[in-house]
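The block underneath contains the structure these notes are about, expressed in structure tokens.
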Amino acid sequence: MRGQLWSCLFIALALLRCVCPDAASVRGSADASHSAPAEWLSYGGDAAQDRFSPLSTINQNTVRRLGLKWALDLPNETNFVATPLMANGTLYFPGKFSVVYAVDARTGSIVWSFDPKAREALAKTPRRMAYNWGTSRGLGYWKGRIIVATADGRLIALDAKTGKVLWSTQTIDTSTPYLYITGAPLVFGDRVLIGNAGGDFGPSRGYVTAYSAVDGKALWRTFTVPGDPARGYESKAMKIAAGTWGPEWWKTAGGGNVWNAMTFDPEFNRVYIGTGNGSPWNQTIRGRAGGDNLFVASIIALDAATGTYAWHYQTVPGDNWDYDATEDLVLADVRIGSTDKKVLMQAGKNGFFYVIDRSDGKLISAEKFAHVTWADRVDLKTGRPVEAHGMRPAGASSPVITVWPWENGAHSWPSMSFNPKTGLVYIPGMDGKQIYDARGIDPNTYKADGVEIWTGYSDVVGRDPSAPKAGTDDFKQAAWLKAWDPRTNKPVWQAEQPGLFAGGTLTTAGGLVFIGQATGDLAAYGASSGDKLWHFNCGRPISASPVSYEVDGAQYVTVLVGWGGDPAIEGSMSEPGGLRMTYRDGGRGLFVFALDGKASRPARAVAKMVPIDIPEFHPDDDKVKRGEHLFDNNCNYCHGTDALSGGQAPDLRASAFAADRKTLGQIVLGGALQLQGMPQYPDFSDDDVDALYHYIRWRARKDLACLRVVGADGAC
């Protein structure tokens, strides 16, 4: 009861009233943002993280002259999601397992590269490698130093000219098997902020840590969910948050990892962080007695000097659907009615677009920008979502539920952008549905059919066609680029995108919006009209965000090509309308465009993926079912949903290694390919490997039969 009173008091103090918006002028928070317009010095381009370039030589009148200046092929890379930086005529970006490249922006020649040996570090604790594929979305820059956050949890400062290590520090507890880093560090003043990921795989406890950019010394750490009360609370905020969790939550539940969104506000000397989902996803298991589970799925303001809590807004109290609040946090000055407001904006994974007064954390508006069925609306008096009936599974006996948006979100990590000239935000979004099946989960062990399932759902894809489903509708799944007016919180225009995953965006003073597409196109749209004005096919799908900069008086647009992350996990998402990739296709690299560029796109060939069938082998139904559970909870992150790889890792249906039972065991149990990036699973049994083998062989035979009907380029 005492915890509930604390919770109510906390919400009353920190949550929200409405100031209804009216259309008027919008201007960006550019005071400290675009001090170096010719360069691109941070992940979001500037302090506001708005991905707006003030350069305008490439504009609506000249964009048709845009052509390829040069391309750098990096054949050993299979995972590009990063935003390049450009400083002093050099481009910097990370590849797989945090390898850093420094490239001459004029010629495309590699100046230096640095391998932090993250793969080798992860191999020391095999389970840590199992939870990531070395994804890195970006770097930090500070006074001639490049800051890289490695997949295994280190923060390293490199000399920007030479790549020499200046300092290195470990940011996570390496004994925790599921913590790792995918996001770009945030540089603010002479400090660097970093969080971590892992909330999908165990009872992690999210936090961010600020380090000195000078010597890597830790300055402060702020947790996002409370820990064991017996060890004391780190802050008043953690003590209050504890009242919103069920009994003994710290033993089996957590989440709130800060794996992406971080923004510095020089006007208020604050940093804003977006926190991840609750762990496990199923709130009934996680919370036991329910509750809001602060501060999962929240936007939190912290004092930049001390990390002290200032305010928060929780987008999804008691998160139940993997609706992180880790999407871009963009700052701007917006006129609401007759008043200029300093706002923070987020297009959430949950399908609502939020405009928040960043001076005090009060909600101004929240409207659906995608197809949403989990909630009807957000109550602007309380700031809380009004959840739709029947969308929250109540336990292991609940019906299977279909929910929009899906686990990848209406908007995920591909970056949105804000143009202070048009006053519009550009959202790369998706309409997708997700199945949540809580049947058969043991709430005490997180197991179904003996397999540990940390999401708390026995199925989040929906393979059982006979299962009763609630909330089903026939809305079309699609990807799109949407221009959104934060003054009215309404759409202005929408451009359909190929496939089911839209790439990151860049907007410019030239009245353009650039976006990468599943077809391999880098496309440019009119920022006000939404008209498609230009495109260039790079030969490989794109999910990374483009940037623009100036060298020797010429403006350039640059993007990393060859997707990784979510679309590579969900290999089938490239169909229809997208390009398929296989693991060894190559063609990933950096593409640089300029007016009157005349370079030709390097020739690319996509290898045909043909599943291997073993006619004399007969999969056992029970082993196939168990193997499917094991695959979904251990293998699909790299090898793709339904074993259909998007190119981030080998397609096991067509792998000769996976077709041989003995070899598969040597790889999974013995770690034969650890240094090639394939984790060892020492806690697996030989029976587990056998079940995986039966599932992969069943899947290969099923898909081969389908391909014989629809053709090698068809979608099964």
Taking the side chain as C-beta and beyond, is there a heavy-atom pair between [X] and [Y] under 4.5 Å?
| X | Y | value |
| --- | --- | --- |
| S42 | Q49 | yes |
| E327 | M416 | no |
| T455 | E407 | no |
| Y313 | K362 | no |
| V372 | N350 | no |
| P428 | W480 | no |
| Y272 | F264 | no |
| F80 | W563 | no |

To the closest 0.5 Å, what do you measure between [atom1] ([X]) and [atom2] ([Y])?
| X | Y | atom1 | atom2 | answer |
| --- | --- | --- | --- | --- |
| L344 | F268 | CG | CZ | 11.0 Å |
| W259 | D324 | CH2 | CG | 5.5 Å |
| D485 | T488 | CG | OG1 | 4.0 Å |
| T507 | L424 | OG1 | CG | 8.5 Å |
| L193 | M262 | CG | CE | 5.0 Å |
| N79 | R588 | CG | CZ | 9.0 Å |

Counting N and O atoms only, with roles assigned by atom type, does the side chain of [X] sit under 3.5 Å from a partner on the main chain of [Y], one being a donor and the other an acceptor?
| X | Y | result |
| --- | --- | --- |
| H411 | K349 | no |
| Q477 | K433 | yes |
| T315 | A297 | yes |
| T224 | G206 | yes |
| T505 | S417 | yes |
| T519 | Q517 | no |
| T373 | W404 | yes |
| N269 | P266 | no |
| T182 | T135 | no |
| Q497 | A502 | no |

Nearest atoms (heavy-atom pairs only) where [X] meets [Y]:
| X | Y | value |
| --- | --- | --- |
| G456 | P280 | N-CB, 3.9 Å |
| M86 | L41 | O-CD2, 3.5 Å |
| L66 | A594 | CD1-C, 3.5 Å |
| I435 | T402 | CD1-OG1, 3.2 Å |
| L590 | L560 | CD1-CD2, 3.6 Å |
| A478 | E496 | CB-OE1, 4.0 Å |

Closer than 4.0 angstrom, basic N to acidic O: yes or no for [X] and [Y]?
| X | Y | answer |
| --- | --- | --- |
| D379 | K381 | no |
| E267 | R358 | yes |
| D46 | R51 | no |
| R270 | D265 | no |
| D360 | K342 | no |

key: Evaluation steps, side-chain contact (heavy atoms from CB on, under 4.5 Å), between V271 and T263   = CA-CA 6 Å; V271 291; T263 300; over 6 Å; no
query = How far apart are the C-alpha atoms of D200 and D322, what are their side-chain angles, what is the distance that settles it, and do they pass the side-chain contact (heavy atoms from CB on, under 4.5 Å) test?
reply = CA-CA 8 Å; D200 294 326; D322 187 32; 3.6 Å; yes
Is there a donor-acceptor contact under 3.5 Å linking the side chains of [X] and [Y]?
| X | Y | value |
| --- | --- | --- |
| S545 | R137 | no |
| T244 | N293 | no |
| Y549 | T558 | yes |

request  = Check step by step if side-chain hydrogen bond (donor to acceptor under 3.5 Å, both in side chains) holds for N320 and W374.
outcome  = CA-CA 10 Å; N320 194 68; W374 73 273; over 6 Å; no
Is the [X] to [Y] ring centre distance short of 6.0 Å?
| X | Y | result |
| --- | --- | --- |
| W406 | Y323 | no |
| Y426 | Y525 | no |
| F52 | F418 | no |
| Y457 | W281 | no |

ask   = How far apart are the C-alpha atoms of D531 and W493, what are their side-chain angles, what is the distance that settles it, and do they pass the side-chain contact (heavy atoms from CB on, under 4.5 Å) test?
value = CA-CA 9 Å; D531 295 334; W493 56 258; over 6 Å; no
task = Report the C-alpha distance between D376 and H389 in whole Å, list the side-chain angles of each, state the deciding distance to 0.1 Å, and finish with yes or no for side-chain hydrogen bond (donor to acceptor under 3.5 Å, both in side chains).
result = CA-CA 9 Å; D376 296 327; H389 177 71; over 6 Å; no
request  = Please say whether more than 12 non-hydrogen atoms of neighbouring residues, nucleotides or ligands are located less than 6.0 Å from NZ in K490.
outcome  =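 Open: at most 12 neighbouring heavy atoms sit under 6.0 Å from NZ of K490.
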request  = Give the intermediate values and the outcome of side-chain hydrogen bond (donor to acceptor under 3.5 Å, both in side chains) for residues N277 and D319.
outcome  = CA-CA 6 Å; N277 54 276; D319 170 49; 5.1 Å; no
request  = With side-chain contact (heavy atoms from CB on, under 4.5 Å) as the test, would you mind laying out the steps for F353 and S365 before giving the verdict?
outcome  = CA-CA 8 Å; F353 189 93; S365 60; 6.0 Å; no
ask   = Parallel, tilted or perpendicular for F536 and W534, by the 30°/60° rule?
value =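 Aromatic pair F536/W534 classed parallel.
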